[in-house]
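The block underneath contains the structure these notes are about, expressed in structure tokens.
Residues: numbered from 1 along the sequence shown.
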Amino acid sequence: MSVQQYDEIGEAFEGFKSLPLMRCGEVPSFLGMVGDVSGKSVLDLACGTGFYSREFKRRGATEVFGVDISVEMIAAAREIEQRDPLGVRYEVGGVAELRPLDRRFDMAVGVQCLNYAADVAEMERMCHNIHRGLVPGGEFFVLAQKPDYRFDCASLDKYGFLCEPTGEEIETGPQVRVTALLDPQPISIVSAVPRREVYEKCLRAAGFSDVEWVPLEVSEAGIREFGEDFWADLLAHPPLEMLRCRA
């Protein structure tokens with residue numbers, strides 16, 4: 001499901017980060033949760049076109065290795081790296097079949113990653129492979145659709161997105177169609193919204209501990225730019241949520 005969707009997007013995926021929800025919500029929230037990466041090695045899973053990989057390298061990470069199942073996404077990431085060399089390595093690969101790596105990393109990140117597992121068994125394999133790639137005590141940071149998001153709340157269109165249930169469900173949870181309202185061509189992606197207990201069960205089965213859910217926030221810059229009232233609906237029913245855990 002995810003490979004074909006993302007292969008058709010390519011470098012256009014970079015445009016997601018310019019939309020208000022991403023620019024003022026996801027990106028500052030996720031970077032704030034991850035914190036200081038200076039002097040650390042980072043494994044970026046489902047790295048897409050390398051947005052966070054590049055950001056971590058700019059923020060002082062000693063090594064960043066990005067992995068994504070989409071050939072086109074990795075091609076776009078490598079092309080950006082060629083235009084603006086930062087020393088980030090990229091490789092095509094699925095997290096559920098992640099090869100044993102040549103080193104262990106201080107931290108791993110998975111933005112919209114685990115929610116593409118086809119079932120609980122696949123999510124457990126993903127978590128095991130990620131755990132295997134971390135040093136003891138290394139941290140894993142996740143961002144995904146909020147498990148108990150209410151689809152009957154105010155629309156997200158003013159924040160740049162539509163979020164709609166497909167009416168279908170897989171073992172991990174209901175499926176959702178997220179549409180980025182990009183100009184001139186909106187882009188839609190379908191993924192699952194795993195239940196909270198599925199995430200926690202799979203992470204703990206892989207050996208992770210200290211699982212902590214972290215809410216999405218809006219940056220001060222976003223509040224200055226748009227005003228507090230603009231963000232009221234988003235903060236009342238945030239569509240994204242983060243979590244952190246330790247190997």
Notebook entry, point to check: Do Arg195 and Glu169 pass the salt bridge (Lys or Arg N to Asp or Glu O under 4.0 Å) test, and can you show the C-alpha distance, the side-chain angles, and the key distance before you say yes or no?
Noted result: CA-CA 11 Å; Arg195 295 180 296 278; Glu169 186 160 338; 3.7 Å; yes

Margin query: Counting C-beta onward and ignoring hydrogens, is there a side-chain heavy-atom pair between Glu26 and Val111 closer than 4.5 Å?
Written below: yes

Notebook entry, point to check: So which heavy atom on Asn115 is nearest to which on Ala144, and how close?
Noted result: OD1-CB, 4.1 Å

Next item on the list: Check for a donor-acceptor pair, side chain of Tyr149 on one end and backbone N or O of Leu240 on the other, with a separation under 3.5 Å.
Entry: no

Check: How many angstroms lie between NZ in Lys40 and CD in Glu139, if you round to the nearest 0.5 Å?
Finding: 6.5 Å

Margin query: I'd like to check Gln175 versus Ile170 (side-chain heavy atoms, cut-off strictly below 4.5 Å). Are they in contact?
Written below: yes

Margin query: Is it the case that the side chain of Arg89 and the backbone of Phe65 share a donor-acceptor pair, with hydrogens and angles ignored and the cut-off at 3.5 Å?
Written below: no

Margin query: Show the nearest heavy-atom pair for residues Pro147 and Pro194, with the distance to one decimal.
Written below: CB-O, 3.5 Å

Margin query: Using only atom types and a distance under 3.5 Å, with no angle test, would you say the side chain of Glu81 pairs donor to acceptor with the backbone of Leu86?
Written below: yes

Margin query: Could you tell me if the side chain of Tyr52 sits less than 4.5 Å from the side chain of Val64, heavy atoms only?
Written below: no

Check: Does the pair Phe208 and His131 meet the rule for a ring-ring contact (aromatic ring centres under 6.0 Å, His included), with working shown?
Finding: CA-CA 7 Å; Phe208 286 101; His131 189 278; 5.0 Å; yes

Note to self: Can you tell me how far apart OG (Ser188) and CZ (Phe161) are? Round to the nearest 0.5 Å.
What the structure shows: 10.5 Å

Check: So, do Ile187 and Leu181 sit near enough that their side-chain heavy atoms are less than 4.5 Å apart?
Finding: no

Notebook entry, point to check: So, the side chain of Trp231 versus the backbone of Gly25: is there a donor-acceptor pair under 3.5 Å, distance only?
Noted result: no

Margin query: Between Ser155 and Asp157, is there a side-chain donor-acceptor contact under 3.5 Å, judged purely by atom types and distance?
Written below: yes

Check: Atom CG in Asp106, atom CG in Leu134: separation rounded to 0.5 Å?
Finding: 8.5 Å

Next item on the list: Apply the test salt bridge (Lys or Arg N to Asp or Glu O under 4.0 Å) to residues Asp148 and Arg150: give CA-CA distance (whole Å), side-chain angles for both, the deciding distance (0.1 Å), then the verdict.
Entry: CA-CA 6 Å; Asp148 42 15; Arg150 286 181 49 191; over 6 Å; no

Note to self: Do Thr172 and Val120 make a side-chain contact, defined as non-hydrogen atoms from C-beta onward lying under 4.5 Å apart?
What the structure shows: yes

Notebook entry, point to check: Between Leu114 and Phe140, is any pair of side-chain heavy atoms under 4.5 Å apart?
Noted result: yes

Margin query: Given 3.5 Å as the limit, does a donor-acceptor pair link the side chain of Arg132 with the main chain of Leu98, or not?
Written below: yes

Item checked: Short side-chain donor-acceptor distance under 3.5 Å, Glu241 and Gln145 -> no

Margin query: Looking at Gln82, I'd like to know if its CD atom is crowded, meaning that more than 12 non-hydrogen atoms belonging to other residues, nucleotides or ligands lie closer than 6.0 Å.
Written below: no

Notebook entry, point to check: Looking only at heavy atoms, what is the nearest atom pair of Gly222 and Cys24, with distance?
Noted result: CA-SG, 3.6 Å

Next item on the list: Assess whether salt bridge (Lys or Arg N to Asp or Glu O under 4.0 Å) is satisfied between Arg244 and Asp210, documenting all intermediate values.
Entry: CA-CA 8 Å; Arg244 62 191 303 164; Asp210 302 331; over 6 Å; no

Next item on the list: Look at the side chain of Asp44 and the backbone N and O of Ser53, then say whether any donor-acceptor pair between them is shorter than 3.5 Å.
Entry: yes

Next item on the list: Indicate whether any N or O donor in one side chain lies under 3.5 Å from an N or O acceptor in the other, for Ser209 and Arg204.
Entry: no

Notebook entry, point to check: Of the non-hydrogen atoms in Asp229 and Lys158, which two are nearest, and what is the gap between them?
Noted result: O-NZ, 4.4 Å

Notebook entry, point to check: So, does Thr49 use its side chain to make a donor-acceptor pair with the main chain of Ala76 at under 3.5 Å?
Noted result: no

Checklist line | Beyond-backbone contact of Cys202 with Cys127, side-chain heavy atoms, under 4.5 angstrom | finding: yes

Item checked: Residue pair Gly173 / Ala192: nearest heavy atoms and the distance that separates them -> O-CB, 4.5 Å

Check: If you measure from NE2 on His237 to SG on Cys163, what distance do you get to the nearest 0.5 Å?
Finding: 13.0 Å

Check: How long is the gap from CG on Leu234 to CG on Leu216, to the nearest 0.5 Å?
Finding: 6.0 Å

Note to self: For Ala96, is there any backbone N or O sitting under 3.5 Å from a side-chain donor or acceptor partner on Asn129?
What the structure shows: yes

Note to self: One pair to check against salt bridge (Lys or Arg N to Asp or Glu O under 4.0 Å): Arg103 and Glu63. What are the steps and the verdict?
What the structure shows: CA-CA 11 Å; Arg103 63 161 299 166; Glu63 180 179 357; 2.6 Å; yes

Check: Charged N to carboxylate O below 4.0 Å: is that the case for Arg125 and Glu97?
Finding: yes

Next item on the list: Over all heavy atoms of both residues, which pair between Tyr116 and Val190 is shortest? Give the atoms and the distance, please.
Entry: CE2-O, 3.7 Å

Next item on the list: Keeping the roles fixed (side chain from Asp68, backbone from Ile74), state whether a donor-acceptor pair exists under 3.5 Å.
Entry: no

Next item on the list: To the nearest 0.5 Å, tell me how far Tyr159 OH sits from Arg23 CZ.
Entry: 13.5 Å

Margin query: Can you see whether Tyr90 has Arg78 sitting over its ring - NZ or CZ less than 6.0 Å from the centre and within 45° of the normal?
Written below: no

Notebook entry, point to check: Would a 4.5 Å heavy-atom cut-off, applied to side chains only, mark Met107 and Leu43 as touching?
Noted result: no

